[in-house]
Amino acid sequence: MSTTQPTVLVVEDEPAQREVLAYNLEAEGFRVARAENGEEALILVDEEQPDIIVLDWMLPNVSGIEVCRRLKTRSETRNVPIIMLSARSEEVDRVRGLETGADDYVVKPYSLVELMARVRAQLRRTRPATVGERLEYEDIVLDAETHRVTRSDLPLKLGPTEFRLLSTFMEKPGRVWSREQLLDRVWGRDIYVDTRTVDVHIGRLRKALTLHGGDDPLRTVRGAGYALG
Ligand code: CA
């Protein structure tokens with residue numbers, strides 16, 4: 001999905017709890033994928049590539065702990081933040097939850113306000129552009145809340161696609177993105193777009209970034225893709 005709308009995977013076997021959580025996350029502007037058990041969660045993680053997972057501890061068959069352990073041992077999913085939900089409040093369980101690699105831990109019954117704050121806190125770390133953060137790279141400043149971009153304090157005019165491309169790059173300077181990864185992130189996985197379209201928009205972004213002078217900060221990595229810096 002687009003950079004401005006992160007996907008949250010909600011894994012909860014209680015239908016009423018799952019729906020309340022999903023409803024509130026959608027109201028906050030998130031895209032929500034729902035799983036009712038651990039097996040489904042593991043499949044949906046590959047299909048939906050969520051930005052964050054809210055995972056119930058007590059699930060039938062494959063427990064939340066086991067789902068967490070499996071996701072944190074796979075390199076493709078290791079960096080997806082996981083917030084565990086549990087009715088267990090004892091310190092030993094909390095420690096066990098965090099030991100399996102969960103990034104945060106919320107005890108039921110939880111306040112939705114608190115849970116939303118924790119979801120945002122995790123995304124601020126991993127997907128800062130999606131939660132209205134201000135990103136900086138050298139003399140380029142991107143304000144995700146107002147959608148304004150400046151370079152050396154001069155405003156830059158970017159189309160929506162170029163804005164999403166730049167925020168993707170600015171979240172992880174130096175990272176090399178393949179065209180396919182950029183398509184998934186910027187255009188969304190459900191839409192068919194030719195990979196050459198990426199090159200066209202990269203060209204527009206480069207033009208916009210260098211309009212008032214300054215070096216081209218985007219790097220073409222032959223056979224691999226593009227990177228900022
Ligand atoms: Ca449960």
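Ligands are counted one by one from 1 in listed order, and the atoms in each one are counted from 1 as well.
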Everything protein-side that's N, O or S and under 3.0 Å from the Ca ion (ligand 1): list it, residue and atom. D13 OD1, D56 OD2, M58 O

Checking T168, V221, L218, V198 against Y226 for side chain to side chain contact (heavy atoms under 4.5 Å, CB included), the one that qualifies is V198

Which class fits the ring pair F163 and H147: parallel under 30°, tilted 30 to 60°, perpendicular over 60°? parallel

Residues in salt bridge (charged side-chain N to carboxylate O under 4.0 Å, His left out) contact with D103, at least two apart in sequence or another chain: K72, R125

Reference residue R34; test salt bridge (charged side-chain N to carboxylate O under 4.0 Å, His left out); the match among E12, E19, E14: E19

Set of residues satisfying side-chain contact (heavy atoms from CB on, under 4.5 Å) with respect to N79, sequence neighbours excluded: none

Residues which pass salt bridge (charged side-chain N to carboxylate O under 4.0 Å, His left out) with R124, listed by chain and number, not counting sequence neighbours: E133

